[in-house]
Amino acid sequence: MGKLVGPVAYVLGVLMIIGGVVTWWQVSTQLAAESITVPEDAACQAGADVTGPYSAYCMAGIINEHALNATDGLTYAEMDREDPLRATAMNASFLRSSLFTSVVAFGLAGMAIAVGVLFVLLGGAVASYERRFEELGAGAASG
């Protein structure tokens, strides 16, 4: 069984690492293509290009702040249907959701990389133990 588990865990780990890295790169590239810069009045990452999880999170926060300032503190759901600022609140909500989706994608990519590393280590350990047991078994059979 160890002859199968070690290599399979190792290969799955490598695939997870590759998938995580590709996902991280893809999300970062797509965010960079949007040419979003965190405004100077943001609480964090002011002036930074939005290309990673922290800058995306900070941008979502300042969008919310600007939207609430524009709507006198009301969210989309709290506004009257006829309020002309409801479209502003809706757009802000959509933008924030998109940015938070990016943050979640970065988190999942990071988790895939970490789990992939763990699988590689476990696969290597199982293969190493399997070789050691084979050596011990061969020594016992000859002695």
Side-chain angles (χ1 to χ4, degrees), residues 1-140:
M1 187 69 162
K3 288 183 180 187
L4 178 66
V5 172
V8 168
Y10 188 86
V11 169
L12 286 175
V14 170
L15 291 174
M16 290 181 79
I17 292 168
I18 291 169
V21 168
V22 168
T23 299
W24 189 286
W25 173 80
Q26 182 69 22
V27 174
S28 182
T29 300
Q30 291 300 310
L31 281 173
E34 295 295 326
S35 300
I36 305 167
T37 302
V38 180
E40 293 300 325
D41 61 337
C44 53
Q45 296 282 301
D49 292 333
V50 177
T51 58
Y54 192 56
S55 57
Y57 180 82
C58 293
M59 186 66 192
I62 195 64
I63 287 172
N64 187 50
E65 187 177 320
H66 288 171
L68 291 174
N69 287 341
T71 61
D72 293 324
L74 298 175
T75 64
Y76 173 80
E78 297 170 326
M79 299 177 81
D80 183 74
R81 288 180 182 237
E82 303 304 318
D83 191 326
L85 291 175
R86 196 164 194 238
T88 299
M90 180 179 62
N91 286 337
S93 180
F94 290 159
L95 290 171
R96 290 181 69 230
S97 294
S98 294
L99 288 165
F100 284 137
T101 300
S102 297
V103 173
V104 170
F106 280 119
L108 288 174
M111 186 177 75
I113 293 168
V115 170
V117 168
L118 180 63
F119 271 48
V120 166
L121 294 173
L122 289 174
V126 168
S128 174
Y129 284 122
E130 181 64 26
R131 281 191 300 275
R132 181 70 178 133
F133 287 137
E134 285 178 358
E135 290 170 5
L136 290 173

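Just so it is clear, the model here is predicted, and its values are computed rather than measured. Residue numbers run from 1 in the order of the sequence given.
- In this structure, the side chain of Glu78 engages the main chain of Thr75 through a donor-acceptor pair within 3.5 Å.
- Of the inter-residue distances, the one linking Glu34 atom CD with Leu99 atom CG reads 9.5 Å to the nearest 0.5 angstrom.
- Residues Gly47 and Glu40 come closest through the heavy atom pair CA-OE2, 3.3 Å.
- Between Leu85 atom CG and Asp83 atom CG the span is 5.0 Å, to the nearest 0.5 Å.
- Arg96 contributes a side-chain N or O that, together with a main-chain N or O of Ala60, makes up a donor-acceptor pair within less than 3.5 Å.
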side-chain contact (heavy atoms from CB on, under 4.5 Å) assessment of Asp80 paired with Arg86: CA-CA 8 Å; Asp80 183 74; Arg86 196 164 194 238; over 6 Å; no
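- Atoms CG and CG, on Asn64 and Asn69 in that order, are 9.5 Å from each other to the nearest 0.5 Å.
- Tested against Phe106, the residues Thr101, Leu31, Thr23 include a single side chain to side chain contact (heavy atoms under 4.5 Å, CB included) partner, Leu31.
- Atoms CD and CH2, from Gln30 and Trp25 in turn, are 8.0 Å apart once rounded to the nearest 0.5 Å.
- Nearest heavy atoms, Ala112 versus Gly20: CB-CA, 4.1 Å.
- Between Cys44 and Val38, the shortest heavy-atom contact is O-CG1, 3.7 Å.
- Within the 4.5 Å cutoff, the side chain of Trp24 has no heavy atoms near those of the Leu108 side chain.
- Surrounding CZ of Phe100 are more than 12 heavy atoms belonging to other residues, nucleotides or ligands, all under 6.0 Å away.
- Using a distance-only test at 3.5 Å, with no hydrogens or angles considered, no donor-acceptor pair links the side chain of Ser128 to the main chain of Gly124.
- Judged by distance alone, with hydrogens and angles left aside, the side-chain atoms of Asp49 form no donor-acceptor pair with the main-chain N or O of Thr51 at under 3.5 Å.
- Separation of atoms OG (Ser93) and CD1 (Ile63) is listed at 10.5 Å; rounding is to 0.5 Å.
- Interatomic distance, Tyr76 OH to Phe94 CZ, rounded to the nearest 0.5 Å: 7.0 Å.
- Side chains of Ile62 and Met59 form a contact here, defined as non-hydrogen atoms less than 4.5 Å apart.
- Using a 4.5 Å heavy-atom cutoff, the side chains of Thr37 and Val50 are not in contact.
- Using a 4.5 Å heavy-atom cutoff, the side chains of Ile113 and Met16 are not in contact.
- Within the 4.5 Å cutoff, the side chain of Phe119 has no heavy atoms near those of the Tyr10 side chain.
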